[in-house]
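Both backbone and side-chain heavy atoms feed into the values below; hydrogens, waters and symmetry mates do not.
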Amino acid sequence: MKKLLIPLSLSILAGCQTFSELKNEPNHELKNGAEAVEIYQALLIDESAQVIHPKDDVEIPLSDQDELVVSDNIWDRIRNNLHFDIPQNDKVIAQRNWYTKHDAYLDRVAKRAEPFIFYIVEEIEKHDLPMELVLLPIVESAFDPFAYSHGSASGMWQFLSGTAKQFGVKQNWWYDGRRDIVDSTQAAIKFLTYLNKRFDGDWLLALAAYNSGEGRVARAIRNNARKGKPTDFWNLKLPKETRDYVPKLLALADIVKRPADFNVSLYAISNKPVVSLVDISAQLDLALAADMSGLTIDELHALNPGFNRWATAPEGPHKLLLPLNKVEQFTAELEKLNDNDRLAWQRYKIKSGDSLSVIANRFNTTITQIKDVNQLQSNDIRTGKYLLIPTATQSLDRYKSYEKVRKNKIAKKGNGNKVIYTVQKGDTLWDIGRLYDVSSKSIAKWNGFAPKDTLRLGQKLTIWTESSLSEASDTPLASGNSVMRNINYKVKNGDSLARIASKFNVSVKDIERWNNINRSNYLQPGQLIKLSVNITRI
């Protein structure tokens with residue numbers, strides 16, 4: 001069995017602080033007077049890195065107890081290779097003061113970094129990059145590979161989907177390499193190297209571009225040059241987030257460089273590998289992999305956060321990150337495993353009304369995989385024929401997939417009346433928000449996804465509205481419930497806003513708001529009017 005050693009280290013706490021930590025940590029200020037529990041439950045935002053942590057903390061047994069003595073601290077290795085000049089200006093000092101006053105936060109971040117930081121140090125040295133970049137995941141995500149932002153950035157290095165693809169990161173239904181430790185780190189190195197070259201070797205400008213985009217930084221430089229002003233980072237007009245972003249990294253580097261000066265004791269991390277990347281050659285059920293390695297699914301997933309579903313991706317990557325002290329057991333079990341036993345299989349008889357998409361949803365797999373397994377050349381299937389379907393070996397509740405955990409963890413209940421809206425062809429969050437007079441961000445928050453996430457045809461959205469609609473249900477025509485549909489109504493001869501409102505049991509005021517018109521406008525035959533219709537009332 002081929003295996004590739006990846007030097008990572010000891011244990012993971014891949015999640016936000018618990019409520020008790022949030023409540024008890026000194027100097028933690030609550031925004032807008034909100035209760036701590038409300039902030040924790042609604043946003044789960046890290047104090048410094050403005051990201052959301054959807055996964056609970058997991059401790060992984062990476063080393064035997066007699067190996068836990070730290071003989072060589074990785075912070076010493078990092079400290080000896082820091083080279084940035086750190087200006088002692090107000091911006092850097094303000095960020096440094098925040099970190100030094102929150103030692104519990106620094107400890108928590110270091111524990112999250114513990115499994116990964118050795119590998120990152122090795123790769124930074126291999127590519128001859130500044131050692132300060134090892135600290136960038138603290139600024140980006142507090143070293144949480146499961147973290148994501150409402151701007152749709154994801155992973156430890158907080159990649160947007162398009163940028164990640166540009167630098168070779170796979171993303172599909174099964175797998176998101178933005179969360180994978182190795183894939184995302186390699187992409188970050190490529191991206192940072194590109195930005196450094198783009199800005200003529202100025203690392204502060206490269207870091208600013210990593211945060212706010214190279215185009216924005218380039219425009220700021222051109223604007224200053226045109227006005228005869230300096231074009232270094234400190235003199236550019238950039239977004240506040242970026243103006244804080246670079247000082248955060250410099251402040252962290254200053255603390256690591258001279259912790260005694262700030263009365264900081266950094267959480268010790270061993271400077272040695274304790275994790276191995278193992279080649280598994282083909283798709284494998286994650287519950288089975290966990291059992292074979294002697295880990296729980298949560299422990300396995302914490303080391304392999306890129307996998308979205310109950311198995312590794314059919315087309316790869318075919319690799320698993322495992323504790324070194326588990327590799328021998330796992331590879332021995334894998335060599336004994338028959339290819340047909342890697343997944344569970346079900347022989348399914350096609351019923352009337354079935355389609356490949358319906359069957360794929362039923363068995364939590366994809367159309368592509370069903371077609372590949374059954375050697376289908378098209379999506380056409382016939383009632384009464386049989387399909388072989390790959391399925392999970394355990395109950396799906398055991399797997400706690402990333403997408404399910406993320407949505408359950410952060411979906412927030414709103415105020416007012418609840419409506420279940422079914423996404424129609426052409427819908428956008430902005431359109432739906434206009435229909436109910438709510439914001440796109442609110443809809444995303446209520447349903448546990450980012451505002452830029454793609455809507456799926458038929459997706460059910462929970463909407464909280466101040467209108468008089470009664471509470472809705474997933475079940476159409478349920479007594480006493482509302483089921484909403486977006487429709488485009490074509491105006492007919494003789495129609496008026498009042499007549500249309502009466503016909504569809506909506507108000508004229510709502511039609512005006514949905515279509516940005518007023519009752520003084522004349523309607524034209526053939527004109528399309530967007531309506532949000534309660535189909536239980538028609």
Heavy-atom side-chain contact between [X] and [Y] under 4.5 Å:
{"X": "Gln186", "Y": "His127", "value": "yes"}
{"X": "Trp464", "Y": "Val419", "value": "no"}
{"X": "Glu114", "Y": "Tyr267", "value": "yes"}
{"X": "Ile297", "Y": "Leu300", "value": "no"}
{"X": "Leu303", "Y": "Leu322", "value": "no"}
{"X": "Phe233", "Y": "Asp202", "value": "no"}
{"X": "Met131", "Y": "His83", "value": "no"}
{"X": "Ser141", "Y": "Tyr148", "value": "no"}

Any side-chain to backbone donor/acceptor pair from [X] onto [Y]? Under 3.5 Å, distance only.
{"X": "Gln283", "Y": "Ala311", "result": "no"}
{"X": "Thr331", "Y": "Glu328", "result": "yes"}
{"X": "Asn81", "Y": "Arg77", "result": "yes"}
{"X": "Arg112", "Y": "Asp144", "result": "no"}
{"X": "Asn447", "Y": "Thr462", "result": "yes"}
{"X": "Asn73", "Y": "Asp76", "result": "no"}

Least distance between heavy atoms, [X] atom then [Y] atom:
{"X": "Val217", "Y": "Ala208", "result": "CG2-C, 3.8 Å"}
{"X": "Glu315", "Y": "Lys170", "result": "O-NZ, 3.3 Å"}
{"X": "Met156", "Y": "Phe143", "result": "SD-CD2, 3.5 Å"}
{"X": "Gly316", "Y": "His318", "result": "N-CE1, 3.3 Å"}

Verify whether one side chain among [X] and [Y] offers a donor that lies under 3.5 Å from an acceptor in the other.
{"X": "Gln88", "Y": "Arg96", "answer": "yes"}
{"X": "Asn211", "Y": "Thr242", "answer": "yes"}
{"X": "Ser293", "Y": "Gln329", "answer": "no"}

Nearest 0.5 Å, what's the [atom1]-[atom2] distance between [X] and [Y]?
{"X": "Arg198", "Y": "Leu205", "atom1": "CZ", "atom2": "CG", "result": "10.0 Å"}
{"X": "Asp176", "Y": "Arg178", "atom1": "CG", "atom2": "CZ", "result": "4.0 Å"}
{"X": "Ile221", "Y": "Asn235", "atom1": "CD1", "atom2": "CG", "result": "11.5 Å"}
{"X": "Asp72", "Y": "Ser270", "atom1": "CG", "atom2": "OG", "result": "7.0 Å"}
{"X": "Leu284", "Y": "Leu320", "atom1": "CG", "atom2": "CG", "result": "6.5 Å"}

Steps toward salt bridge (Lys or Arg N to Asp or Glu O under 4.0 Å) verdict (Lys111, Asp107): CA-CA 6 Å; Lys111 290 176 182 178; Asp107 283 349; over 6 Å; no
Sole residue of Tyr99, Trp98, Tyr105 in ring pair (Phe, Tyr, Trp, His ring centres under 6.0 Å) with His102: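 Only match with His102 under ring pair (Phe, Tyr, Trp, His ring centres under 6.0 Å): Trp98.
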Flag the pair [X] and [Y] as a salt bridge only when some basic side-chain nitrogen lies within less than 4.0 angstrom of an acidic carboxylate oxygen.
{"X": "Asp244", "Y": "Lys248", "answer": "no"}
{"X": "Lys257", "Y": "Asp254", "answer": "no"}
{"X": "Lys126", "Y": "Glu123", "answer": "yes"}

Tyr175 and Phe307 aromatic ring geometry - parallel, tilted or perpendicular at 30°/60° bounds: tilted
Parallel, tilted or perpendicular, as decided by the 30° and 60° cut-offs, for the rings of Phe167 and Phe191: tilted
Salt bridge (Lys or Arg N to Asp or Glu O under 4.0 Å) evaluation trace for Lys319 with Asp180: CA-CA 11 Å; Lys319 60 185 181 183; Asp180 182 88; 3.8 Å; yes
Criterion side-chain contact (heavy atoms from CB on, under 4.5 Å) on Leu266 and Trp75, from CA distance to verdict: CA-CA 8 Å; Leu266 296 171; Trp75 296 116; 4.0 Å; yes
Six-ring centre of Trp173, Arg309 cation under 6.0 angstrom, axis tolerance 45°: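 Here Arg309 passes the 6.0 Å and 45° test against Trp173.
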